[in-house]
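Just follow the structure's listing: the first ligand is 1, and inside any ligand the first atom is 1. Model, not experiment: these values are computed from the prediction.
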Amino acid sequence: MPVRTGRQYLEGLRTQERQIWLGGERVRDVTEHTSLGSGAQAIASLYDMQCEPDLREIMTYRSPATGEPVGLSFIIPRTQEDLVRRREMMLRWARATCGMMGRSPDFMNVTFAAWAASADYFGRGRPQFADNMRRYYEYVRENDLVLTHSLINLQRSRNVSGVYNLKEGTALHCVRETDAGIVVRGARILATLGPFADEIAVYSPRVPLHAEGHNPFALNFAIPCGTKGVRFLCRDGFDQGRSSFDYPLSSRFDEMDCVVFFDDVLVPWERVFLLGDVELLNRTGVETNFSAHSAHQGAVKNLAKCEFVLGVALLMTETLGNSQVPHTESYVGELMLTTSLMKACIRGAEADAKVDKWGVMCPDPVMIESSRNLFMTAYPRMIEILHLLGSSSFMITPSKADLEGSLAPDIGQYLATDNSTAHDRVRLFRLASDLAISSFGNRQVLYERFYASDPLSRARALAALYPKTETKERVLAFLRRDEDF
Ligand SMILES: Cc1cc2nc3c(=O)[nH]c(=O)nc-3n(C[C@H](O)[C@H](O)[C@H](O)COP(=O)(O)OP(=O)(O)OC[C@H]3O[C@@H](n4cnc5c(N)ncnc54)[C@H](O)[C@@H]3O)c2cc1C
């Protein structure tokens, strides 16, 4: 089947019954729900982009199985040109959501493309798992499905460092094996995009977090979101059905985050990719390079987000008439620096990409993983800079109803600046507020701090990749110059 249209994607969401819970109620149709409908529409519009005649060449490639156009983020990159093409496609998607939907479908598409190429890794000791992986990737690609994922186990305490503290009764584990598949029980976080996905993938982060004895918790599988016993618990929605003038981002791009409960869920054997092998699970990141590919998608999203924040900042300073004030220039310069660094990480990772042992052109892991570590602190700082630039203007943000109400003449007179009408000022600052001070905006900051793991795990992930020997050797060579001392 070729790429789906937005309408076909929404139809798929409607026809697969699933358990989505929000505010104490089960959501029967996410596409019509006040808090969820707009998120579904946002994903649908990404699907529509794939079908636009002018964009088809950029957004798709020929399926190796059928020759039909399929989403370009499914491509298994074999050359640097493939990586560049994939980046250009992902940037189109990321810019369409202003970088606010980090878990757009390309995030999981690049992951499963990397795993399909390295499928033999999963076949160690159980060759059928390698076949399962290859078949599943083709199935997702050919049906153009949306996947959510949950990597993290809920923990009752964090009294051990560096590994999960896993307990049956809380963390997701295999309860038993049957002829039909495995039965799993427990809870996982944090399935962003859960209500908008066709399938959920369960695996483990790049950093090894499972220890000896964790075999029942060592899992990698994917199932339809509507599988019996799977329940998604949503946080509060940011879209409250308010106008897109008042909340330009909340009302469009809430990708939602969910806790997922698995209540004795049967995972058919053909959907199991790894079971019970802690070492195999822990080495998945290093051996398959999937994380370098998902970091490539993440960096592209970061770039779109940097560009958007920078654009908002430039317009804010223009509107307020403070763009020539020295400290304003310095803040804006910092935003430009982060944006340029993000671009450099992406281009550097593509330029230094190498074909890995699976024949996949892999973005340079240090460069591309650096973009994740960088953004964990850079994005909160970018938002802090918006605060510093905007100050009380974030509070001078009458709503659409105010602009149309009795105070409209006062608003029109007093809120205008030398460079802007009151209407344009308010419109811009409603956007800036949604980005920098709303619940939606704060969740974006939290997302960037944690979506790719906690800061310590990220530091360890980068340290594990960084070529340290050469770096130390240069210093030792310098020290050896005084050898006779
Ligand atoms: C908005 C958002 C969206 C997300 N989306 C997804 C998603 O789509 N899929 C997914 O799988 N995950 C997702 N995540 C989850 C993310 O992967 C986790 O938040 C992340 O791995 C950190 O885990 P945690 O939240 O349990 O933090 P914690 O492990 O509780 O860490 C919190 C802080 O405590 C510190 N800490 C933790 N344990 C210890 C210890 N033993 N000793 C000392 N310090 C410690 C950490 O360094 C950190 O600073 C998302 C998270 C957020 C916030």
Visitor: So, Ser35 side chain and Asp239 main chain: donor-acceptor pair closer than 3.5 Å or not?
Guide: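 Yes; judged by distance alone, with no hydrogens or angles, the pair exists.
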Visitor: Can you name the atoms of ligand 1, numbered from 1 with element, that are less than 4.0 Å from a heavy atom of Tyr451?
Guide: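 Atoms satisfying the 4.0 Å criterion: 17 (O).
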Visitor: Protein heavy atoms near atom 35 (C) of ligand 1, is at least one of them under 4.0 angstrom away?
Guide: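 No; the ligand atom in question lacks any protein heavy-atom contact below 4.0 Å.
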Visitor: Does atom 20 (C) of ligand 1 have a protein non-hydrogen atom under 4.0 Å from it?
Guide: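 So atom 20 (C) of ligand 1 has protein heavy-atom neighbours under 4.0 Å.
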Visitor: Considering only the protein, which heavy-atom contact is closest to atom 40 (C) of ligand 1, and what is its distance?
Guide: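 Checked against all protein heavy atoms, atom 40 (C) of ligand 1 sits closest to Arg158 O, 3.9 Å.
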Visitor: Are any non-hydrogen protein atoms located under 4.0 Å from atom 47 (O) of ligand 1?
Guide: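 True for atom 47 (O) of ligand 1.
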Visitor: Determine if the distance from atom 30 (O) of ligand 1 to the closest protein heavy atom is below 4.0 Å.
Guide: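 Yes, at least one protein heavy atom sits under 4.0 Å from atom 30 (O) of ligand 1.
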Visitor: Quick test of your reading of the model: are Glu17 and Arg26 salt-bridged, counting only N-O distances below 4.0 Å?
Guide: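 Salt bridge flag = yes for Arg26 with Glu17.
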Visitor: With a heavy-atom distance limit of 4.0 Å, tell me whether Leu151 approaches ligand 1 through its side chain, its backbone, both, or neither.
Guide: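 The answer is both.
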Visitor: To check your reading of the model: name the closest protein heavy atom to atom 6 (C) of ligand 1, its residue, and the distance in Å.
Guide: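 Checking every protein heavy atom, the shortest distance to atom 6 (C) of ligand 1 gives Leu190 O, 2.8 Å.
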Visitor: Of the backbone atoms (N, CA, C, O) and the side-chain heavy atoms from C-beta on, which set of His149 has a member under 4.0 Å from an atom of ligand 1: side chain, backbone, both, or neither?
Guide: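 Looking at His149 and ligand 1, atoms from backbone and side chain both fall under 4.0 Å.
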Visitor: Looking only at non-hydrogen atoms, find the nearest pair between Arg4 and Cys51 and report the distance.
Guide: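 Scanning both residues, the minimum pair turns out to be O-SG, 3.5 Å.
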Visitor: So does Lys301 pair up with Asp106, basic N to acidic O under 4.0 Å?
Guide: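 Not counted as a salt bridge, because no side-chain N and carboxylate O are separated by less than 4.0 Å.
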Visitor: Is any NZ, NE, NH1 or NH2 atom of the basic residue among Arg7 and Asp48 found under 4.0 Å from an Asp or Glu carboxylate oxygen of the other?
Guide: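 Looking at Arg7 and Asp48, the cut-off is not met.
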Visitor: Does any donor atom in the side chain of Arg185 or His173 lie under 3.5 Å from an acceptor atom in the other side chain?
Guide: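 Note: Arg185 and His173 side chains miss the donor-acceptor criterion.
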Visitor: Look at Arg135 together with Glu138 and state whether they make a salt bridge at an N to O cut-off of under 4.0 Å.
Guide: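 Not counted as a salt bridge, because no side-chain N and carboxylate O are separated by less than 4.0 Å.
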Visitor: With heavy-atom distances below 4.0 Å as the criterion, list the atoms of ligand 1 near Thr192.
Guide: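 Reading through ligand 1 atom by atom, the close ones are 3 (C), 4 (C), 5 (N), 6 (C), 7 (C), 8 (O).
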Visitor: What do you think, any protein heavy atom under 4.0 angstrom from atom 25 (O) of ligand 1?
Guide: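 False for atom 25 (O) of ligand 1.
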Visitor: I'd like to know if atom 12 (N) of ligand 1 has any protein heavy atom within a distance of less than 4.0 Å.
Guide: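 Within 4.0 Å: yes, protein heavy atom nearby.
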Visitor: In the protein, which heavy atom is nearest to atom 23 (O) of ligand 1, and how far is it?
Guide: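 In this structure, atom 23 (O) of ligand 1 has Ile152 CG2, 4.4 Å as its nearest protein heavy atom.
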Visitor: Number the atoms of ligand 1 from 1 as they appear, then name those within less than 4.0 Å of a heavy atom of Pro455, with their elements.
Guide: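 Checking each atom against Pro455, I get 49 (O).
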Visitor: Quick one, Trp115 with Thr288, criterion side chain to side chain donor-acceptor pair (under 3.5 Å). Give me CA distance, side-chain angles, the key distance, then yes/no.
Guide: CA-CA 7 Å; Trp115 281 347; Thr288 69; 3.2 Å; yes
Visitor: For the pair Tyr247 (side chain) and Gln240 (backbone), establish whether a donor and an acceptor sit closer than 3.5 Å, ignoring hydrogens and angles.
Guide: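 Checking the backbone N and O of Gln240 against the side chain of Tyr247, no donor-acceptor pair under 3.5 Å is found.
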Visitor: Look at atom 43 (C) of ligand 1 and say whether a protein heavy atom is found at less than 4.0 angstrom from it.
Guide: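 Not a single protein heavy atom is under 4.0 Å away.
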Visitor: Do Ala191 and ligand 1 have an N or O pair less than 3.5 Å apart?
Guide: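 Ala191 vs ligand 1: no N/O contact under 3.5 Å.
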Visitor: Do me a favour and list the nearest non-hydrogen protein atom to atom 16 (C) of ligand 1 with residue, atom name and distance?
Guide: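 That would be Phe450 O, 3.3 Å.
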Visitor: Please report which non-hydrogen protein atom sits nearest to atom 41 (N) of ligand 1, along with the residue it belongs to and the distance in Å to one decimal place.
Guide: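 Sorting protein heavy atoms by distance from atom 41 (N) of ligand 1 puts Val160 O, 2.9 Å first.
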Visitor: Any N/O of Asp454 closer than 3.5 Å to an N/O of ligand 1?
Guide: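 In this structure, Asp454 places an N or O atom under 3.5 Å from an N or O of ligand 1.
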Visitor: Can you give me the closest heavy-atom contact between Leu386 and Ala313, atom names plus distance?
Guide: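 Residues Leu386 and Ala313, closest heavy atoms: CD2-CB, 3.8 Å.
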Visitor: Restricting to non-hydrogen atoms, name the atom on Ile368 and the atom on Ala299 that form the minimum distance, rounded to 0.1 Å.
Guide: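 Minimum heavy-atom contact is CD1-CB, 3.9 Å.
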Visitor: Check each atom of ligand 1 against the heavy atoms of Leu446 and keep those under 4.0 Å away; list them by number with element.
Guide: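 Taking each heavy atom of Leu446 in turn, ligand 1 has 53 (C) under 4.0 Å.
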Visitor: Any N or O on Arg103 sitting closer than 3.5 Å to an N or O of ligand 1?
Guide: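 So ligand 1 has an N or O lying under 3.5 Å from an N or O of Arg103.
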Visitor: Are the charged groups of Glu448 and Arg372 less than 4.0 angstrom apart, N to O?
Guide: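 The answer is no: the pair does not qualify as a salt bridge.
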